[in-house]
Structures are given as C-alpha cells and as structure tokens.
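First up is the structure itself, then whatever we jot down about it.
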Amino acid sequence: MRSDDYNKYLAAIKAANDDSDYHRSVERLRAIYQQMVAQYGVNEKDVDYLFRQFRHNI
C-alpha cells in the first residue's frame, strides 16, 4: 500500500473511531474496509493492520 493511501485510511479510521454515534461509526468503518479491500485486496498486510485499528467490530 502506498504511504499516502495508508495515511489517508488511518486518518479516516481515527475519525470514524472517534464518532460518538455508534451506528454511524460502524457504517463508516465498513465503508473504509470495503474501499481498502477493493483497492488492495484482503491479503494485504497493511489492510490487515489498519483493520485491527477499528474500535468496533464490523
């Protein structure tokens, strides 16, 4: 994963994790995960690491 994409996804994950509305937070995390998998695949090590940063189970 390119470093600029990694940083973009990490910032989006942090923002979604900080959202006080649980349901909105989970929906944002789902969307982020779907974008990462579509772009880099499920077996990418950075996708796996970023997924582990999610505060909520999706």
Side-chain angles (χ1 to χ4, degrees):
M1 179 180 294
R2 296 185 347 224
S3 63
D4 58 330
D5 286 342
Y6 179 89
N7 292 330
K8 176 186 76 167
Y9 284 125
L10 184 59
I13 290 166
K14 287 180 179 179
N17 282 339
D18 291 341
D19 194 332
S20 61
D21 183 322
Y22 170 79
H23 295 290
R24 185 172 51 210
S25 177
V26 169
E27 288 304 316
R28 289 172 66 186
L29 291 170
R30 280 186 186 135
I32 293 166
Y33 184 72
Q34 289 173 347
Q35 289 174 0
M36 289 190 306
V37 169
Q39 188 169 4
Y40 291 102
V42 73
N43 294 323
E44 168 68 37
K45 65 181 173 84
D46 289 331
V47 170
D48 181 55
Y49 176 78
L50 289 169
F51 176 70
R52 288 186 274 128
Q53 303 309 305
F54 287 16
R55 180 173 292 161
H56 307 293
N57 289 328
I58 57 167

query = What distance separates N7 CG from R2 CZ, expressed to the nearest 0.5 Å?
reply = 11.5 Å

request  = Measure the spacing between OG of S3 and CG of D46 and express it to the nearest 0.5 Å.
outcome  = 10.0 Å

Cut-off 3.5 Å, no hydrogens considered: what does the side-chain donor-acceptor table look like for residues 33-44, sequence neighbours left out?
residue: Q39; atom: OE1; partner: Y9; partner atom: OH; Å: 2.9
residue: Q39; atom: NE2; partner: D5; partner atom: OD2; Å: 3.4
residue: Y40; atom: OH; partner: D5; partner atom: OD2; Å: 2.3

N17 to L29 - nearest heavy-atom pair and separation = OD1-CD1, 3.7 Å

ask   = How close do S25 and A16 get, heavy atom to heavy atom, and via which atoms?
value = OG-O, 2.6 Å

note = Across all chains, not counting sequence neighbours, the ring pair (Phe, Tyr, Trp, His ring centres under 6.0 Å) partners of F54 are F51

request  = Please list all pairs passing the salt bridge (Lys or Arg N to Asp or Glu O under 4.0 Å) test where one or both residues lie in residues 9-26, with sequence neighbours left out.
outcome  = D18-R55, D19-R24, D19-R28

query = What residues, two or more places apart in sequence or in another chain, satisfy side chain to side chain contact (heavy atoms under 4.5 Å, CB included) together with A12?
reply = I32

task = Using side-chain hydrogen bond (donor to acceptor under 3.5 Å, both in side chains) as the criterion, list what pairs up with R30, not counting sequence neighbours.
result = E27

query = Can you name the salt bridge (charged side-chain N to carboxylate O under 4.0 Å, His left out) partners of R52, sequence neighbours left out?
reply = D48

